[in-house]
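What you see is a predicted model, and the numbers here were worked out from it, not measured in a lab. The chains referred to below are lettered A, B, ... by the order of the sequence lines, with proteins before strands, and numbering in each begins at 1.
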2 protein chains.
Amino acid sequence: MSAPGPSAPGPSAPGLRERKKQRTRDALVRVALELFTTQGYERTTVDEIVEAVEVSQRTFFRYFASKEEVAFAVQRMVEEEFVRALTARPPGEGPFDAMRNAVLAAWDGVGDAIDEVVPVDLYLRTFFMIESTPALLAVHLRRSSELEETIARVVARREGLDVDADPRPRIAVAAFSGVMRVTGQMWGKGPDRTLEGIRALTEWYLDHLGPALSLHWREPLPRR
Amino acid sequence: MSAPGPSAPGPSAPGLRERKKQRTRDALVRVALELFTTQGYERTTVDEIVEAVEVSQRTFFRYFASKEEVAFAVQRMVEEEFVRALTARPPGEGPFDAMRNAVLAAWDGVGDAIDEVVPVDLYLRTFFMIESTPALLAVHLRRSSELEETIARVVARREGLDVDADPRPRIAVAAFSGVMRVTGQMWGKGPDRTLEGIRALTEWYLDHLGPALSLHWREPLPRR
DNA sequence: AGGCTAGTGACAGTCACTGACAATTGACAA
DNA sequence: TTGTCAATTGTCAGTGACTGTCACTAGCCT
C-alpha cells in the first residue's frame with residue numbers, strides 16, 4: 001500500500017508501475033465518458049471502450065467492477081470533496097448551514113481537481129447523461145443514499161448526537177439531500193448547463209428549505 | 001384493452017384468456033419473490049423461476065421487462081394506493097398533512113389487496129430484500145423519485161400552484177420522501193418488521209419534519 | 001543478472017435480455 | 001360445430017455484461 005522506494009521518492013514519484021496504472025485508468029475514464037456522452041450509455045459497449053484504449057476487456061473489469069462504475073469515477077471525486085468541506089466547517093455553524101456552505105464550497109473547489117482527469121465540460125455532460133439514463137440514474141440515487149449515511153454521521157458528530165438514537169440527523173440530511181437531488185434534476189432540464197448555473201440553482205433551492213429546518217435544534221428529544 | 005364481450009361479462013368475468021394470463025403473471029410474481037427472499041436475488045436465475053412456473057424464459061420477459069421488474073410488482077400496488085389516497089384527501093388539509101395522512105391510510109388499506117397476489121408476510125420480506133440488495137435498492141430509489149414527480153404534481157394541483165414555476169411543491173415532496181426513505185431503511189434494520197411496525201415508525205419519523213415544513217405556505221413567493 | 005510478483009491477455013463459460021419465426025390456443029362468426 | 005383470426009407462447013440464435021482460470025509479460029528488488 002505505502003512503503004515508498006529506498007531513495008525516498010516523494011509523493012510525486014510512485015514508481016513506473018503505479019504511473020502506468022494511473023494512466024490506463026484515466027484513459028479508460030476519459031474514453032468511456034466521451035463515448036457515453038456522444039453515443040449514449042446503452043449504445044456504447046465495453047468492447048468499444050477497451051478497443052479505443054487498447055487493453056483487454058478483462059483489464060477494464062479489473063479497474064471497474066461494472067460498466068456503470070466508470071461513469072461515476074469523476075462524481076466520486078466531487079463527493080469526497082464535499083465530505084472534506086463539510087468536515088472542515090466551523091463547529092459553530094448549525095447543521096443545515098454547514099451542509100449548505102460545504103456544497104457551495106465543493107462546487108467552487110473541485111473545478112481544478114476534475115480538470116486533471118477530464119475536461120470540466122465533459123464532466124458536466126456526464127452529469128447530464130447520468131440524469132437522463134435510467135440505469136445510471138438508479139445507481140446515482142443509490143450512491144447518493146450511501147453518501148447520505150456518511151453525511152448524517154458527520155453531522156451527528158458535529159452536534160454531539162448519536163445517529164442511531166436520535167433520528168434528527170438522518171432526517172435533516174434526507175431532507176437536505178432530497179432538495180439537492182431536485183436541484184440536480186432541474187439543472188439538467190434547464191437551459192443554463194454550466195458550473196455557475198448549478199451553483200446558483202443550489203443556493204436558490206436551498207433558500208427555501210433552510211429556514212424551516214434550522215429551528216428547534218439542540219433541544220432534548222420530545223417523548224415518543 | 002376494453003370492449004367486453006356481447007353478453008356483458010361484468011368486471012369479474014374477463015374471459016378465459018385474460019384469467020389465464022393473470023394466473024401466469026401472479027404465479028411468476030409469487031415464485032419469483034419466494035425464491036428471491038429465500039435464496040437471495042442474485043443467486044436466483046430467471047431460468048429457475050420459469051422452470052418452477054413451467055413457462056419459457058421468453059414468456060417471463062413478455063410479462064416483465066427485466067428480472068428487476070418482477071421484484072417490484074407488489075410495490076407498485078402500494079404506490080398506486082398511496083396516490084389514490086393522496087388525491088382523495090380533503091382540500092382543506094395542508095400539503096404535508098395530506099401526504100402524511102395518505103401514507104398512513106395507504107398502509108392501512110393495502111393489506112387486503114396485497115393478500116390476493118402474495119401473502120403479506122412475503123411482501124414484507126420482499127421489502128426487506130429490496131433494501132438489502134444493492135441492485136434492487138438502486139431501482140427502488142429511481143422508482144421513488146419518479147413517484148415523487150407524480151406526487152409533486154398532485155400537491156401542486158391541490159395548492160393551485162404550477163410545479164414548473166414554483167419550486168416549493170417539489171421541495172416539500174423531496175423532503176417528505178427523503179424522510180419516508182429513511183423510515184424504510186430504519187424499519188429494515190430494526191427488529192419490529194411488521195406492518196404495524198412500519199406504520200408506527202412512519203408516524204414517529206414524520207412527526208419530526210411536519211411542524212417545520214407546514215409553515216409559511218400559500219404566501220407569495222419571495223423575490224429571488 | 002535473475003528471481004519474485006503485480007498486472008495483463010486469451011479463452012471459456014454464465015446469465016440477462018432480444019429479435020424472428022413457428023406452433024398453439026382462446027375468441028368469434030358462419 | 002367448425003373454420004378463421006389474432007393473441008399468446010415456445011424455440012432458436014445471437015448480443016453484451018461479467019467472471020474464473022491460467023499462462024505470460026514486465027516492473028521491482030536483491
Original post:
What parts of residues 44-58 of chain A reach DNA chain D, counting only heavy atoms under 4.0 Å away?
Top reply: T44(A), T45(A), V46(A), Q57(A), R58(A)

**OP:** Figure out the CZ/C1' separation between R43(B) and dT14(C), and round it to whole Å.
**Re:** 16 Å

Subject >> Summary of side chain to side chain donor-acceptor pair (under 3.5 Å) pairs that have at least one residue in residues 172-190 of chain B, sequence neighbours excluded >> reply: E148(A)-R181(B)

Original post:
Want to settle it: does F61(A) or R17(A) sit nearer the 5' end of DNA chain D, counting the closest nucleotide to each?
Top reply: F61(A)

Subject >> Short side-chain donor-acceptor distance under 3.5 Å, T45(A) and D47(A) >> reply: no

**OP:** Please list residues of residues 66-73 of chain A whose heavy atoms come under 4.0 Å from any atom in DNA chain D, ordered by number; otherwise none.
**Re:** S66(A), K67(A)

**OP:** Using side-chain contact (heavy atoms from CB on, under 4.5 Å) as the criterion, list what pairs up with T133(B), not counting sequence neighbours.
**Re:** Y41(B), E42(B), M129(B), L136(B)

Original post:
Which residue pairs satisfy the salt bridge (charged side-chain N to carboxylate O under 4.0 Å, His left out) criterion with at least one member in residues 123-133 of chain B, sequence neighbours excluded?
Top reply: E34(B)-R125(B), D121(B)-R125(B)

Original post:
Looking at residues at least two apart in the chain, or sitting in another chain, which of them share a salt bridge (Lys or Arg N to Asp or Glu O under 4.0 Å) with R199(B)?
Top reply: D108(B), E203(B)

Original post:
At what angle, to 10 degrees, do the two end axes of the helix from dA1(C)-dT30(D) to dA30(C)-dT1(D) meet, given five pairs define each axis?
Top reply: 10°

Original post:
Who are the salt bridge (Lys or Arg N to Asp or Glu O under 4.0 Å) partners of D164(A), not counting sequence neighbours?
Top reply: R170(A)

Original post:
Touch check for Y63(B), heavy atoms < 4.0 angstrom, all strands: base, sugar-phosphate only, or nothing?
Top reply: sugar-phosphate

**OP:** Could you tell me the separation between the CD atom of E18(B) and the C1' atom of dT9(D), rounded to a whole number of Å?
**Re:** 15 Å

Original post:
What parts of residues 20-37 of chain A reach DNA chain C, counting only heavy atoms under 4.0 Å away?
Top reply: K21(A)

Original post:
Starting at CZ of F60(B) and ending at C1' of dA16(C), how long is that distance when rounded to a whole Å?
Top reply: 10 Å

**OP:** Could you tell me which residues satisfy salt bridge (Lys or Arg N to Asp or Glu O under 4.0 Å) with E146(A), sequence neighbours excluded, listed by chain and number?
**Re:** R142(A)

Original post:
Does the side chain of V155(B) reach to within under 4.5 Å of the side chain of V163(B), using non-hydrogen atoms?
Top reply: no

Original post:
Is there a side-chain contact between V74(A) and T126(A), using heavy atoms and a 4.5 Å cut-off?
Top reply: no

Original post:
More than 12 heavy atoms of other residues, nucleotides or ligands under 6.0 Å from CD of Q39(A): is that the case?
Top reply: yes

Subject >> Strand contacts (DNA chain D) in residues 128-139 of chain A, 4.0 angstrom heavy-atom criterion >> reply: none

Original post:
Does a side-chain N or O from T59(A) land closer than 4.0 Å to OP1 or OP2 of dG9(C), or not?
Top reply: yes

Kindly give the atom pairs (protein nitrogen or oxygen, nucleotide nitrogen or oxygen) under 3.5 Å for nucleotides 1-3 of chain C.
none

Subject >> Over 12 non-hydrogen atoms of neighbours within 6.0 angstrom of CZ in R84(A) >> reply: yes

**OP:** Would you kindly give the CZ-to-C1' distance between R62(B) and dA20(C), to the nearest whole Å?
**Re:** 10 Å

**OP:** Select base, sugar-phosphate, or nothing to describe what F64(B) touches, counting heavy atoms under 4.0 Å on all strands.
**Re:** nothing

Original post:
Is there a donor and acceptor pair closer than 3.5 Å between the side chain of R19(B) and the base of dG26(C)?
Top reply: no

